[in-house]
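The structure appears right after this line, and notes come after that.
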Amino acid sequence: MQLDIDFVRQQFVQLNDEPDFVFASNAGGSYVCNQVNELLEHYNRHTRVQPYSNYKSSSEAGAAMDRAKQDWAAALSIDLSELTIGPSTSMNTYVMSQAIGDCWRSGDEIVVTNQDHEANNGVWRRKAIEKDVTIREWKVDPDSGLLDIEALLPLLNNKTRWVFFSHCSNLVGTVNPVASITKTIKAHSAARVFVDAVAYAPHHISDLKALGIDGYAFSLYKVFGPHQGVMYINQSIRDELVSQAHYFLSGDPGKDFNPAGPQHAQVAACAGVLDYFKLLHSHHFNDSNIEMPQKLADIHGLIQQHENQLAAPILEFLDTHADVRLIGKATVRDDDRPPTIAFKPLKQSSQKLAQQLQDTGIGTENGHFYAHRLVRDLGIDPDDGVVRISLVHYNRQQDVAKILTQLDRALN
Ligand SMILES: Cc1ncc(COP(=O)(O)O)c(C=O)c1O
């Protein structure tokens with residue numbers, strides 16, 4: 001079975017705005033599916049009041065928000081009390097740096113990477129410095145940008161409190177095997193594990209209990225949804241964390257780590273992302289009697305197959321081009337290479353190449369994409385950075401054909 005790409009594209013009204021335009025900056029923020037826009041519009045037109053009171057529009061507003069939270073908890077296989085929906089992942093990790101870091105003591109240790117986006121990096125480092133905590137850096141291979149578990153082992157010991165890494169870097173575009181890395185961390189230390197999945201979730205929404213992690217975060221505006229950050233914090237470590245809520249709300253799940261307070265309409269609209277995936281599932285599998293995590297696994301199987309077909313020819317072209325340095329793995333063979341593809345042109349600036357692609361109607365960009373440490377440690381000037389072509393499942397083979405034609409022209 002193949003992903004029905006025409007059906008997929010009918011769910012995104014923005015794809016019809018400019019039919020010849022190739023949107024290849026999805027890792028910066030995806031298009032929004034119709035199901036999300038409908039919920040947002042409904043909320044703003046009909047239930048735009050303070051939610052959770054006992055008059056009609058207010059109780060409907062609260063019910064819409066509750067449905068979104070319940071649906072997401074069920075989709076991720078977590079308890080409702082373990083879910084926070086906050087303004088963004090950067091804000092969620094900033095808040096968690098206070099909640100987690102305020103318990104650190106002088107002499108404790110943490111591990112961060114030089115592969116991560118700064119949202120899963122600087123906040124922990126700053127807190128560690130404030131608390132006299134030793135920062136150990138799990139470094140990427142300076143040529144490929146890949147992380148190797150062997151390089152992590154010497155960094156773990158009985159003082160390690162937390163390890164922070166990503167499910168997939170927004171530039172290396174290669175999946176870090178979270179379950180096995182977490183198992184190794186737990187076998188060699190008592191450390192907790194926090195994973196940034198912002199660049200992974202647009203390609204695969206995970207069953208979180210199966211990963212064995214303690215914290216996990218991703219951003220729905222890159223997963224076809226509203227500008228909100230979804231975060232999981234394992235219930236069993238709650239006592240080790242400092243609530244960031246108003247004192248009279250402290251201990252209230254969902255509020256402890258969201259001092260911004262909920263953005264009502266946006267929270268309600270989060271349900272639309274799962275409505276979209278449910279629709280995709282019923283269209284392809286015609287079996288409604290299964291739980292949401294299994295539906296997501298089924299549909300992501302089709303998405304991965306399609307995304308592999310998008311990524312493979314671009315990776316091959318870039319990997320074999322003499323004037324290009326490709327970052328990350330060069331093949332999709334192991335099913336661990338989403339089509340988030342970054343490269344450095346060797347004979348011209350990234351800025352010039354990106355501009356040439358943009359001039360032909362390909363929406364792409366250059367820069368460090370807030371993975372500043374990574375770009376710097378790969379030996380690339382962060383100001384010019386890399387060119388990033390990031391596709392998702394609504395991209396088509398004809399998009400890839402246009403990208404390859406224009407890349408060939410721009411590079412030669
Ligand atoms: C890998 C990764 N982590 C974290 C973030 C930050 O997410 P947000 O924009 O929701 O703060 C981004 C944003 O681009 C990202 O790509």
Pair Q266-H227, side-chain donor/acceptor within less than 3.5 Å: no

Residues, nucleotides or ligands: over 12 heavy atoms within 6.0 Å of E291 CD: no

Donor-acceptor pair between N114 and D377 side chains, under 3.5 angstrom: yes

Contacts of W138 that satisfy ring-ring contact (aromatic ring centres under 6.0 Å, His included) - sequence neighbours left out: F165

Sequence-distant partners of F164, ring-ring contact (aromatic ring centres under 6.0 Å, His included), two or more places apart: W124, W162

Mutual orientation of the aromatic rings belonging to H117 and Y370 [parallel < 30°, tilted 30-60°, perpendicular > 60°]: tilted

Candidate pair Y52 and H264, rule ring-ring contact (aromatic ring centres under 6.0 Å, His included), full reasoning: CA-CA 11 Å; Y52 298 112; H264 305 146; 7.8 Å; no

Trace of the ring-ring contact (aromatic ring centres under 6.0 Å, His included) decision for Y232 with F257: CA-CA 10 Å; Y232 156 72; F257 310 124; over 10 Å; no

Where at least one partner belongs to residues 185-194, residue pairs that pass side-chain hydrogen bond (donor to acceptor under 3.5 Å, both in side chains), sequence neighbours excluded: K186-D214, R192-E240

Side chain to side chain donor-acceptor pair (under 3.5 Å) against Q309, all qualifying residues, sequence neighbours excluded: none

Of all pairs that satisfy salt bridge (Lys or Arg N to Asp or Glu O under 4.0 Å), the ones with a partner from residues 256-271, not counting sequence neighbours: R238-D256

Partners meeting side chain to side chain donor-acceptor pair (under 3.5 Å) with T364 (sequence neighbours left out): none

